[in-house]
Protein chains: 2
Amino acid sequence: MPAEAKVSAKVNKPAKVDARATAPGSPPLTERQEARRRRILHASAQLASRGGFDAVQMREVAESSQVALGTLYRYFPSKIHLLVATMQDQLEHMHGTLRKKPPQGERAAERVAETLMRAFRALQREPHLADAMVRALTFADRSVSPEVDQVSRQTTAIILDAMGLEHPTPEQLSAVRVIEHTWHSALITWLSGRASIAQVKIDIETVCRLIDLTAPDAHE
Amino acid sequence: MPAEAKVSAKVNKPAKVDARATAPGSPPLTERQEARRRRILHASAQLASRGGFDAVQMREVAESSQVALGTLYRYFPSKIHLLVATMQDQLEHMHGTLRKKPPQGERAAERVAETLMRAFRALQREPHLADAMVRALTFADRSVSPEVDQVSRQTTAIILDAMGLEHPTPEQLSAVRVIEHTWHSALITWLSGRASIAQVKIDIETVCRLIDLTAPDAHE
DNA sequence: CGCTAATCTAGAACAAGTTTCAGACTTGAT
DNA sequence: ATCAAGTCTGAAACTTGTTCTAGATTAGCG
């Protein structure tokens with residue numbers, strides 16, 4: 001198992017491609033490029049679904065997606081970037097799916113817990129994929145911050161959706177952040193076999209109680 | 001930056017050494033072996049203090065600690081094992097230090113928050129070391145579960161100490177678990193530059209409020 | 001259509017984690 | 001003190017992430 005040979009890596013690149021999907025900032029991709037990008041993400045998710053983080057090998061991703069290794073690296077400057085992008089992609093699906101059937105609970109805490117448990121059940125269907133994405137997310141270093149942040153924003157949006165809030169207070173945002181922390185860390189302990197599914201459920205329900213604390217007598 | 005070349009790794013080894021320090025389970029180490037182990041952990045912490053996770057290179061650790069590469073791997077079957085063991089080591093110090101000056105807060109929540117903030121300030125003094133240890137901890141896969149669990153137990157002990165509890169209820173244990181989740185994840189976001197120190201403080205204080213929920217009218 | 005810059009490809013090369021191997025050294029028990 | 005089993009060493013080999021290079025292709029433009 002080779003190691004993280006970055007040290008002096010992932011700097012000075014001519015004109016990266018990545019970083020679109022949600023931020024068409026740089027040059028808009030041509031159709032073929034968009035197609036390549038999609039093939040890559042698909043191959044990544046597929047390999048991840050098989051064997052998790054370790055099974056996503058850059059050479060294999062390149063081959064599966066019919067792209068040269070160098071090109072793969074032009075689109076995603078590292079394996080971590082690739083997997084985080086894969087997560088962004090999956091999260092979008094998820095958010096779309098969740099939107100359709102909003103949770104029924106009466107209190108916000110219940111709705112958030114139910115939403116997260118739904119997401120959790122979805123992840124359980126592809127535990128290897130979950131492994132790859134979550135491990136990449138928590139292992140990411142500063143060079144991936146923008147992408148990780150994007151994932152975080154998307155997650156926040158999902159939770160706020162479930163809470164039914166438009167203009168959260170700073171207090172409520174803190175609670176949401178703590179919920180996200182718990183969500184990620186609980187997933188990790190489940191993925192590494194140190195906590196059962198039931199345990200994760202309890203932890204999620206426990207942390208969601210914080211929501212009740214942040215707007216008990218408030219209106220909305 | 002090489003990758004995780006484990007796949008078929010870290011299985012069938014004759015008679016590992018590792019796994020003592022707290023669990024003198026297997027064969028007791030001779031004096032020279034104990035010394036080697038200590039040299040290795042010291043070298044690991046030193047290299048980590050310099051440049052974080054990436055700076056802990058197995059060849060360098062071996063050289064610094066005057067041990068052959070093969071021997072290093074006999075003591076610690078992977079870089080992750082090594083760094084998690086380094087964390088166990090540091091945590092013991094920390095627990096000892098914290099014991100001496102127990103936090104003063106009145107409510108349990110305050111004491112826990114203060115304790116964690118103390119630990120956080122200690123980590124801030126060696127951010128690179130913190131980076132190496134925390135990244136290893138969250139990246140660890142199933143093969144490191146026992147060691148990661150040990151770290152988790154030690155952390156739990158520290159928190160329960162601060163709460164002043166001997167016999168926590170299941171509810172309280174849930175709260176403690178959630179606090180640990182938040183602690184780890186908040187550290188990650190700080191280490192990767194996505195959250196400020198102030199933010200981490202707020203998150204810790206926020207999650208600690210859960211404690212008040214678990215034994216409000218209970219006695220003590 | 002013909003040109004130039006940017007992009008893509010195939011493949012070699014490099015870095016660091018991990019494994020393997022033959023031989024020297026220790027340890028523990030006889 | 002002596003021998004077998006278990007350790008340690010030094011060095012090479014292997015794996016997979018990452019970088020680099022030279023030559024094809026493609027895209028956009030006049």
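Only this structure's heavy atoms are used, side chains among them; waters, hydrogens and symmetry mates stay out.
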Exercise. Please walk me through it: do A:Glu180 and B:Ser185 pass side-chain hydrogen bond (donor to acceptor under 3.5 Å, both in side chains)?
Worked result: CA-CA 9 Å; A:Glu180 279 187 55; B:Ser185 181; over 6 Å; no
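- Between the CG atom of B:Asp141 and the P atom of C:dT18 there is a distance of 10 Å, rounded to whole Å.
- The distance from atom CD of B:Glu60 to atom P of C:dA15 is 13 Å, rounded to the nearest whole Å.
- In the set C:dT27, D:dT26, C:dT9, C:dT27 carries the atom at the smallest distance from any side-chain atom of B:Arg32.
- Around the NE2 atom of B:His42, the shell of radius 6.0 Å holds no more than 12 heavy atoms that belong to other residues, nucleotides or ligands.
- The base of D:dT18 sits within donor-acceptor range of the side chain of A:Arg59, with an N or O pair under 3.5 Å.
- Taking atom CZ of A:Arg74 as the reference point, atom P of C:dA10 lies 15 Å away to the nearest angstrom.
- One atom, CG of B:Leu69, and another, C1' of C:dT18, lie 8 Å apart when rounded to the nearest Å.
- Atom CD in B:Gln33 sits about 13 Å away from atom P in C:dT26, given to the nearest Å.
- Among the nucleotides D:dT18, C:dT9, D:dT9, the one closest to any side-chain atom of A:Ser78 is D:dT18.
- In terms of modelled atom types and a separation under 3.5 Å, the side chain of B:Arg39 and the main chain of B:Ala62 share no donor-acceptor contact.
- Following rounding to the nearest Å, A:Gln57 (CD) and D:dT15 (P) show an atom-to-atom distance of 11 Å.
- Counting to the nearest Å, the P atom of D:dC14 and the OH atom of B:Tyr73 are 17 Å from each other.
- With the nearest nucleotide of DNA chain C identified for both B:Met58 and A:Val67, A:Val67 has the one nearer the 5' end.
- Between B:Gln66 and the phosphate of D:dT9, there is no side-chain N or O to OP1/OP2 separation shorter than 4.0 Å.
- Summarising the geometry, the separation between OH on A:Tyr75 and P on C:dA6 is reported as 16 Å, rounded to the nearest angstrom.
- A pairwise comparison of heavy atoms in B:Phe53 and B:Asp131 identifies N-OD2, 3.1 Å as the closest pair.
- A side-chain hydrogen bond (donor to acceptor under 3.5 Å, both in side chains) with B:His181 holds for exactly one of A:Thr182, A:Asp203, A:Thr189, A:Thr206; it is A:Asp203.
- Between B:Thr71 and the phosphate of D:dT9, there is a side-chain N or O to OP1/OP2 separation shorter than 4.0 Å.
- Within the 4.0 angstrom heavy-atom criterion, only backbone atoms of the sugar-phosphate kind lie near A:Val56; the bases stay farther away.
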